[in-house]
Amino acid sequence: ILVLIIFKIRMTIKKYNENKTKTIDFFTALKNTANDVLPKAVVTPVITEIAVFYYGFIYWKKRKLKDNEFTYHKDSGTIGLFIAILFVIAVETYVLHVLLARWNTNAAWFFTLLSVYTCIQFFGFLKSIFQRPISIEKDKIFIRYGIMKETIIQLENIECVEISSKDIESIENTRKLSFLGDLESHNLVIKLKDENTLIGLYGIKRNYKNLALFVDDKHKFKIEIDKIISL
C-alpha cells in the first residue's frame, strides 16, 4: 500500500509539472492531473480538499493581473461577507461548545472540530477568490468564482452582455455566479444563444442561459466582449 501511495504521488507531481506549462491556474492543472491519476469517483472531493489547503495556507504570493483578466471581489462586498460568515461560525462554535460540554464532552469537541474544519474551508474559499480571476482567452471566457463555481463560455455563443443590477428572479434560465447567492449583488448579465453548464463545489452542475455576475471593471469587460463578438 505504501509503495502504491508513493508511486501515485510521484505520478501526480509529474503530471502536474506537465500541465503547469500549459496553464498558470493551479486548480485547473490539479483537475487535469487528478483526472489522469485518480479514479473518477474520488476526483472532485479530493481536488476540492487539496485546493482549500493550497489556497488557504500554502499560496500567499500576490497575483499580478494580465490585461485579459478581471477581478470580481474588490467592489462587490464578497470579502466582507466571507469575513462576517467566519466570525459568525467562530462565535457559534464557542457558544455551542460551552452548551454541549455540559451534556457530553465528546459531542462538544466533535462539533467544535467540525466547525473549525468549516472555518478552514471558508478561509480556503476566500483566498481562492484572489487567485482565480475571470479571463478572456482567444475564443473563450473562463469565468470563475474562486474554486466554488466556474464555467467556460464560447465567445460565439454570447448573444449580448448587459450592464444590469436588477433582480434576476423574473429572468428565465438565469443563474448567479456568486456562491453566496442573493447575499451578493451583480452588475452584469451575460446572455447566451444556447444553454451552458455552471460547475459548483464538488462537481455539482447547473444549466443556464443567462449568467448574472459581478465584475469590478464592468465597462472594460463589456467593451472587450463586444469588440470580439462584433468581428
Side-chain angles (χ1 to χ4, degrees), residues 23-28 31 44 47-48 51 55 63 65-82 85 122 125-231:
T23 176
I24 60 172
D25 182 61
F26 171 81
F27 192 61
T28 302
K31 281 194 297 183
T44 302
I47 64 171
T48 301
Y55 287 114
R63 196 181 195 284
L65 286 181
K66 296 181 178 180
D67 291 336
N68 65 319
E69 295 179 332
F70 300 84
T71 58
Y72 45 89
H73 63 275
K74 295 179 179 179
D75 302 322
S76 64
T78 301
I79 306 304
L81 284 170
F82 268 89
I85 291 171
F122 267 91
F125 295 158
L126 173 60
K127 287 282 300 301
S128 70
I129 290 173
F130 295 93
Q131 303 300 332
R132 304 197 76 216
I134 294 169
S135 63
I136 303 173
E137 300 178 19
K138 295 183 179 179
D139 58 344
K140 300 176 183 177
I141 310 177
F142 292 83
I143 298 180
R144 308 170 178 118
Y145 190 93
I147 61 173
M148 293 158 280
K149 285 186 178 182
E150 63 182 4
T151 184
I152 300 174
I153 299 177
Q154 297 286 342
L155 288 169
E156 62 183 17
N157 190 29
I158 296 176
E159 184 176 301
C160 66
V161 177
E162 292 184 358
I163 294 178
S164 172
S165 56
K166 294 180 181 179
D167 192 356
I168 65 169
E169 290 183 2
S170 59
I171 304 178
E172 190 178 357
N173 296 327
T174 301
R175 296 200 178 273
K176 292 198 74 170
L177 178 66
S178 171
F179 175 71
L180 301 173
D182 293 334
L183 290 175
E184 187 179 342
S185 62
H186 64 276
N187 59 9
L188 287 171
V189 177
I190 300 177
K191 296 186 177 182
L192 305 181
K193 299 172 185 176
D194 301 308
E195 276 194 343
N196 203 4
T197 303
L198 182 66
I199 303 175
L201 276 176
Y202 297 102
I204 297 174
K205 297 180 179 180
R206 295 286 186 271
N207 291 332
Y208 69 92
K209 199 169 182 181
N210 305 300
L211 185 66
L213 67 157
F214 191 97
V215 177
D216 290 321
D217 196 345
K218 59 185 178 183
H219 294 289
K220 180 183 177 183
F221 182 80
K222 176 175 167 56
I223 289 171
E224 290 295 324
I225 300 300
D226 290 343
K227 188 191 302 181
I228 297 172
I229 63 177
S230 63
L231 294 176

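Predicted model, so just to flag it, every value in this text is computed and none were measured. Sequence positions, counted from 1, serve as the residue numbers for this chain.
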ask   = Among side-chain atoms of Glu184 and Tyr72, is any donor-acceptor pair under 3.5 angstrom?
value = no
request  = Could you tell me which non-hydrogen atom of Leu198 sits nearest to which non-hydrogen atom of Arg175, and how far apart they are?
outcome  = CD2-CB, 4.4 Å
request  = Would you indicate whether the side-chain heavy atoms of Ile190 and Asn210 approach each other to under 4.5 Å?
outcome  = no
request  = Please name the pair of heavy atoms, one in Asp216 and one in His73, separated by the smallest distance, quoted to 0.1 Å.
outcome  = OD2-N, 3.3 Å
message = Suppose the criterion is side chain to side chain donor-acceptor pair (under 3.5 Å): which pairs have a residue in residues 153-165, not counting sequence neighbours?
response = Glu162-Lys191
inquiry  = Please find the pair of heavy atoms, one from Ser185 and one from Ser76, that lie closest to each other, and give the distance.
reply    = OG-O, 4.3 Å
request  = Output the distance between atom NZ (Lys127) and atom CD1 (Ile79), rounded to the nearest 0.5 Å.
outcome  = 11.0 Å
task = Could I get the full list of side-chain hydrogen bond (donor to acceptor under 3.5 Å, both in side chains) partners for Lys31, not counting sequence neighbours?
result = Glu150
ask   = With a 4.5 Å heavy-atom cut-off, do Ile129 and Thr78 have their side chains touching?
value = yes
inquiry  = Nearest 0.5 Å, please: how far is NE2 in His219 from CG in Asn187?
reply    = 8.5 Å
task = Could you tell me the separation between the OG1 atom of Thr197 and the CG atom of Asn207, rounded to the nearest 0.5 Å?
result = 4.5 Å
inquiry  = When you compare the side chain of Phe221 with that of Ile134, does any pair of heavy atoms fall below 4.5 Å?
reply    = yes
query = Angle class for the Phe82/Phe179 ring planes (parallel below 30°, perpendicular above 60°, tilted otherwise)?
reply = parallel
query = Would a 4.5 Å heavy-atom cut-off, applied to side chains only, mark Phe70 and Glu224 as touching?
reply = yes
message = Quick check on Asp67: does its CG atom have over 12 non-hydrogen neighbours (other residues, nucleotides or ligands) under 6.0 Å away?
response = no
request  = Nearest 0.5 Å please: distance from the NZ atom of Lys227 over to the NZ atom of Lys222.
outcome  = 13.0 Å
inquiry  = Quick one, Ser178 and His186 - any side-chain contact, counting heavy atoms below 4.5 Å?
reply    = no
task = Sort out for me which residue in Asn173, Thr174, Asn196 forms a side-chain hydrogen bond (donor to acceptor under 3.5 Å, both in side chains) with Tyr208.
result = Asn196
query = What are the two closest non-hydrogen atoms of Ile147 and Ala51, and how far apart are they?
reply = CD1-CB, 3.9 Å
query = Under a 4.5 Å cut-off applied to non-hydrogen side-chain atoms, are Val189 and Leu211 in contact?
reply = no
request  = Can you establish whether the number of heavy atoms outside Lys74 located under 6.0 Å from its atom NZ is more than 12?
outcome  = no
task = Kindly compute the distance separating CG (Leu177) from CZ (Phe214), expressed to the nearest 0.5 Å.
result = 12.0 Å
query = Would you say Leu192 and Asp194 make side-chain contact, with heavy atoms under 4.5 Å?
reply = no
Minimal non-hydrogen separation, Lys138 against Leu155, with atom names = O-CD1, 3.2 Å
query = Judged by modelled atom types alone, do Asn68 and Ser135 share a side-chain donor-acceptor pair under 3.5 Å?
reply = no
key: Short N-O contact, Glu137 and Lys140, less than 4.0 angstrom   = no
request  = Working to the nearest 0.5 Å, report the span between CD1 of Ile199 and CE of Met148.
outcome  = 15.0 Å
request  = Please report the closest heavy-atom contact between Ile225 and Ile141, naming both atoms and the distance.
outcome  = CD1-CD1, 3.2 Å
inquiry  = Within the structure provided, determine whether Tyr55 and Arg132 are in side-chain contact (heavy-atom separation under 4.5 Å).
reply    = yes
